[in-house]
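Notes for the one structure printed next.
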Protein chains: 2
Amino acid sequence: MTTNGKRKIDLDTIDRRLLIELLRDSRVSLRRLSEEMNVSPATLHNRLTKMVQEGVIRGFTTLVDYTKLGYSLSAIIMVKVNGKYLVEFEKEISNADNIVAVYDVVGEYDVVLIAKFRSVEDLDVFLKQLLKNSKVERTYTSIVLNSVKEDPRVRI
Amino acid sequence: MTTNGKRKIDLDTIDRRLLIELLRDSRVSLRRLSEEMNVSPATLHNRLTKMVQEGVIRGFTTLVDYTKLGYSLSAIIMVKVNGKYLVEFEKEISNADNIVAVYDVVGEYDVVLIAKFRSVEDLDVFLKQLLKNSKVERTYTSIVLNSVKEDPRVRI
DNA sequence: TATGAAAACCAACCCGA
DNA sequence: TCGGGTTGGTTTTCATA
C-alpha cells in the first residue's frame with residue numbers, strides 16, 4: 001500500500017498504543033514494548049511499517065532546546081500576500097531554513113509563519129527580504145520573548 | 001554534570017553531526033552512524049548521553065500527520081491577558097491537550113497559542129472557555145485552512 | 001494477519017589508556 | 001575523555017498457523 005491522500009485512517013488499539021509510545025519516546029525498543037503489550041515484536045514492527053507507509057507517521061525526530069544552541073529568537077510573522085501568488089509564495093517560503101511552520105489562514109492576513117533566528121540582525125535581514133518580495137503586500141511581526149511551550153505532540 | 005540553565009552550549013563537529021542525524025531520523029542506529037563518521041559507537045553513545053544531560057536534547061519523538069487521524073483543524077489564537085495574571089495564565093493553558101505551542105509576545109497581544117482540534121465544535125468550546133476566563137481580556141483567532149509546513153526542525 | 005524462531009544487528013557498560 | 005571489547009538486548013525476516 002502507498003500513501004493515500006487525505007482520507008482518515010483508523011488505528012486499532014495496538015497501533016494507537018504504539019504511536020503514543022513513539023510520540024513519548026521514538027527511540028523506545030519495540031521488544032520491550034511488545035512485552036508490556038503482550039504482542040510479538042514482529043507485530044509491532046509490522047504496525048510501525050504500516051503507519052509509515054500510510055503516512056500517519058511522517059518521521060522520527062529529536063526535540064531540541066534551540067535556545068541552548070544560540071537560537072534565542074523566535075518570531076510569528078503574519079503575511080498578507082497578493083492573492084494570485086499565494087501558493088507560489090508558500091512554496092518558496094517553506095524552503096527557508098529559519099521557518100518551522102507555514103499556515104494558510106483566513107482573515108486579515110493570508111499566511112502565518114513561525115520562524116527561528118540566531119539574532120535580531122538575522123530577523124531584520126529576513127523581514128527586509130520579505131518586504132522586498134513583490135508577492136507580499138503587508139506583514140505583522142510578533143517577536144517571541146519566551147517560548148512557554150513548544151511541543152508538536154497532541155494527545156491522540 | 002546536570003542541566004545548566006540558559007547558558008549557551010557549544011557543540012563540536014561530532015556532536016553537531018550526530019544531532020543533525022538524530023533530527024533527521026531519531027531511530028537511526030549509532031553503530032551505523034559511527035561507521036559513516038569514523039568514530040566508535042561508544043563515543044556517539046557518550047555524546048548522545050551528554051547532550052541529553054545538558055538539555056540540548058529534550059527528547060525523541062515522532063512526527064505525525066494529524067490530519068490523517070482526524071485532527072483536521074488548527075488555529076492560531078492571539079490572547080490579550082490581564083498583565084498580573086500572565087504567568088499564571090500561561091501555566092494553565094500549557095497543560096491543555098490541544099495546545100502545541102505557547103509563545104510570550106510583545107505587541108497588541110501578549111500570548112500566541114497554536115492549537116489543534118478534531119472539529120469546529122471542539123474549537124468553539126475551547127474559545128468559549130477562553131473567553132470565560134477572567135484573566136483573558138481579548139482574543140483574535142486565525143483559523144488554519146492548511147498547514148503548508150509544520151516541522152519543528154531548524155537547520156543547526 | 002499474527003506469530004515464533006533465528007540470524008543479523010545493536011546498545012550499554014566497564015575498564016584501560 | 002575516549003574507545004575496545006564483551007554481554008545481553010533488539011530488529012528484521014520468513015515460514016507457518
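From a predicted model like this one, the values you see are computed outputs, not experimental measurements.
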Which atom pairs, one a donor and one an acceptor, fall under 3.5 Å between side chains of residues 78-91 of chain A and the rest of the protein, sequence neighbours left out?
none

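- Listed by first and then second residue, the salt bridge (charged side-chain N to carboxylate O under 4.0 Å, His left out) pairs involving residues 94-109 of chain B are A:Arg155-B:Asp97 (not counting sequence neighbours).
- Residues meeting the ring pair (Phe, Tyr, Trp, His ring centres under 6.0 Å) test with A:Tyr109, sequence neighbours left out: none.
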Using a cut-off of under 3.5 Å, enumerate the N/O to N/O pairs linking the protein to nucleotides 1-5 of chain C.
| residue | atom | partner | partner atom | Å |
| --- | --- | --- | --- | --- |
| C:dA2 | OP1 | A:Arg47 | NH2 | 2.5 |
| C:dT3 | OP2 | A:Thr43 | OG1 | 2.2 |

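- Residues satisfying the side-chain hydrogen bond (donor to acceptor under 3.5 Å, both in side chains) criterion with A:Arg138, sequence neighbours excluded, are absent altogether.
- In this structure, A:Phe117 has its ring center closer than 6.0 angstrom to the ring center of A:Phe126.
- Nucleotide D:dT1 holds its C1' atom 14 Å from the CG atom of B:Leu44, rounded to whole Å.
- Under the side-chain hydrogen bond (donor to acceptor under 3.5 Å, both in side chains) criterion, A:Arg47 pairs with A:Asp12, A:Asp15, not counting sequence neighbours.
- Pairs engaging residues 123-132 of chain A under the salt bridge (charged side-chain N to carboxylate O under 4.0 Å, His left out) rule: A:Asp124-A:Lys128 [sequence neighbours left out].
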Task: Pair assignment for DNA chain D - dot-bracket with | for other-strand partners, Watson-Crick or G-U under 3.5 Å - done: |||||||||||||||||
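- By the side chain to side chain contact (heavy atoms under 4.5 Å, CB included) test, A:Ala42 pairs with A:Ser40, sequence neighbours left out.
- When the C1' atom of C:dC9 is taken as reference, atom NE2 of B:His45 falls 16 Å away, rounded to whole Å.
- Separating the CG atom of B:Asp25 from the P atom of D:dT11 is a distance of 13 Å, rounded to the nearest angstrom.
- Among pairs with a residue in residues 12-41 of chain B, none fulfils ring pair (Phe, Tyr, Trp, His ring centres under 6.0 Å), at least two apart in sequence or across chains.
- Taking A:Asp10 as the reference, A:Lys8 meet the side chain to side chain contact (heavy atoms under 4.5 Å, CB included) condition, with sequence neighbours excluded.
- Contacts of residues 26-33 of chain B with DNA chain C (heavy atom under 4.0 Å): B:Ser29, B:Leu30, B:Arg31.
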